[in-house]
*Asks:* 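One structure, as structure tokens, below. Some questions next.
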Protein chains: 2
Amino acid sequence: MLELAILGFLCDTPLHGYELRKRLTALIGHVRPVPESTLYPAIKRLEKAGLLARETQPGATAAPRQVLTLTGAGRAELRDRLASPERADITDENRWFVLLAFLRHLPEPSAQAEVLRRRLVFLEEPASFFYDGDRPLRAEELEDPFRRGVLLIARATGEAELRWLRITLESLDGHL
Amino acid sequence: MLELAILGFLCDTPLHGYELRKRLTALIGHVRPVPESTLYPAIKRLEKAGLLARETQPGATAAPRQVLTLTGAGRAELRDRLASPERADITDENRWFVLLAFLRHLPEPSAQAEVLRRRLVFLEEPASFFYDGDRPLRAEELEDPFRRGVLLIARATGEAELRWLRITLESLDGHL
DNA sequence: TGAACATACCTCGACACCGAGGTACTACGT
DNA sequence: ACGTAGTACCTCGGTGTCGAGGTATGTTCA
């Protein structure tokens with residue numbers, strides 16, 4: 001999730017680590033903070049993998065900046081991660097939102113639609129958080145008000161997202 | 001998240017690891033799988049911390065079972081984790097849902113309400129995934145259809161959850 | 001008979017996460 | 001002159017994650 005977001009931000013424009021962290025915090029910080037001790041090692045990993053290059057520039061106010069630029073390989077990797085996301089990128093809402101935030105970097109509308117369809121299939125699977133044996137339980141069957149809440153909220157989310165997915169897919173398919 | 005769910009399930013009834021894993025998979029497996037190589041070390045950790053005890057029983061069909069029982073300390077720890085959740089348990093929807101799934105194990109309705117109020121405060125903070133400087137952007141201001149989607153879905157979720165939170169808090173406060 | 005699958009538990013090793021702490025410079029207020 | 005806050009980057013160490021693999025027994029079906 002973090003690496004995808006880094007690649008996504010750098011695809012827009014080169015950034016130094018400190019600024020990158022601010023943008024990452026705006027995107028995902030309200031869910032979990034983005035500590036520097038997670039970010040900087042991640043940058044190193046991506047650099048070592050040849051996905052980004054760094055150039056030292058004199059700092060605007062303080063220490064020198066390491067300006068990070070996406071390489072060709074980095075751009076290709078981003079596209080690949082967007083076009084062929086892992087299952088967890090589809091199923092985990094946090095990761096899915098990060099993916100959506102950068103999906104515009106996929107050049108082909110058909111490839112974008114393909115990714116949305118994977119999410120659609122996932123959401124259409126009959127699933128619950130709570131089961132009676134193998135049978136998924138509906139909110140109405142639960143006594144526990146908190147578990148009911150989980151299902152009610154999940155249902156509202158799912159319905160809103162399904163509506164949006166169908167509209168957006170129609171629009172994408174119309175552009176072919 | 002995993003530890004909380006283990007404590008929560010064992011608070012209902014003693015279980016052996018294999019059965020526990022099935023229940024964990026039903027609860028959180030659609031978001032991320034629960035590998036045995038994560039579960040068994042977690043059980044060991046909790047056992048080492050004195051939060052659960054194990055008793056070997058002859059297996060029903062195959063290998064002997066390690067039946068896990070919550071200790072008094074484990075029950076206390078569960079209540080403490082439910083009553084005083086970390087920030088990430090409030091802000092990360094995945095963790096929040098797990099917390100909600102076991103919140104009934106908090107004996108005091110007022111303590112339950114206190115936890116719901118923390119989530120309420122978090123949801124009422126003006127926040128977005130996308131900013132213009134410091135100003136949170138609304139869905140209508142975004143060109144990118146995918147980023148718009150993120151905000152539209154998040155808004156629908158937030159509204160549904162706020163409705164549920166207010167109703168449930170009213171009901172809990174009424175029981176005092 | 002034998003393969004496949006389910007039950008049931010476990011270790012190992014690579015690696016990601018992240019709090020704590022460090023370095024160094026600039027700016028601002030008192 | 002000094003403390004605090006912001007900019008900008010970094011390491012270290014403890015811990016959690018998880019794929020790969022191992023062990024053993026019972027059932028089912030060809």
*Asks:* Determine, for A:Glu108 against A:Arg79, whether the closest basic-nitrogen to carboxylate-oxygen distance falls under 4.0 angstrom.
*Replies:* no
*Asks:* Base, sugar-phosphate, or nothing: which does B:Ser37 touch, judged by heavy atoms less than 4.0 Å apart?
*Replies:* base
*Asks:* Within less than 4.0 Å of OP1 or OP2 of C:dA14, is there a side-chain N or O belonging to A:Arg45?
*Replies:* no
*Asks:* Separation of B:Leu39 atom CG from D:dC18 atom P, in whole Å?
*Replies:* 12 Å
*Asks:* Quick check: does any side chain N or O of B:Thr69 sit under 3.5 Å from a backbone N or O of B:Pro14, one acting as donor and the other as acceptor?
*Replies:* no
*Asks:* Would you indicate which nucleotide in D:dA8, C:dC9, D:dC18 comes nearest to any side-chain atom of A:Tyr18?
*Replies:* D:dA8
*Asks:* Can you measure A:Gln66 atom CD to C:dT23 atom P for me and round it to whole angstrom units?
*Replies:* 19 Å
*Asks:* Between B:Glu3 and B:Arg81, is there a salt bridge with N-O shorter than 4.0 Å?
*Replies:* yes
*Asks:* Measuring from A:Asp12:CG to A:Leu70:CG, what's the distance to the nearest 0.5 Å?
*Replies:* 10.0 Å
*Asks:* Within this structure, what is the CD-to-P distance between B:Glu55 and C:dA8, rounded to whole angstrom?
*Replies:* 16 Å
*Asks:* Side-chain N or O of B:Tyr40 versus OP1/OP2 of C:dC10: is the shortest distance under 4.0 Å?
*Replies:* no
*Asks:* If I take atom CZ in residue B:Arg95 and atom C1' in nucleotide C:dC17, what distance separates them, rounded to the nearest angstrom?
*Replies:* 12 Å
*Asks:* Using a 4.0 Å heavy-atom cut-off, does B:Pro33 contact any base of the nucleic acid, only the sugar-phosphate backbone, or nothing at all?
*Replies:* nothing
*Asks:* Under 4.0 Å between a side-chain N/O of B:Lys44 and OP1 or OP2 of C:dC9, yes or no?
*Replies:* no
*Asks:* What's the CD-C1' distance between B:Glu47 and C:dC10, to the nearest Å?
*Replies:* 13 Å
*Asks:* Between B:Gly17 and A:Ala42, name the one whose nearest nucleotide on DNA chain C is closer to the 5' end.
*Replies:* B:Gly17
*Asks:* Just N and O in the side chain of A:Thr38: are any of them under 4.0 Å from OP1 or OP2 of C:dC18?
*Replies:* yes
*Asks:* Go through the steps to decide whether B:Glu161 and B:Trp96 satisfy the test side chain to side chain donor-acceptor pair (under 3.5 Å), and finish with yes or no.
*Replies:* CA-CA 12 Å; B:Glu161 183 161 357; B:Trp96 171 243; 2.8 Å; yes
*Asks:* Output the rounded distance in Å from CZ (A:Arg32) to C1' (D:dT17).
*Replies:* 13 Å
*Asks:* Would the base of D:dC18 count as contacting B:Glu36 through its side chain, where contact means a donor and an acceptor less than 3.5 Å apart?
*Replies:* no
*Asks:* OP1 or OP2 of C:dC10 sitting under 4.0 Å from any side-chain N/O of B:Arg54?
*Replies:* yes
*Asks:* Any side-chain N or O of A:His16 under 4.0 Å from OP1/OP2 of D:dA8?
*Replies:* yes
*Asks:* How long is the line joining CG of B:Leu46 and P of D:dT15, in whole Å?
*Replies:* 15 Å
*Asks:* Starting at atom CD of A:Glu86, determine the distance to atom P of C:dA16, rounded to an integer number of angstrom.
*Replies:* 12 Å
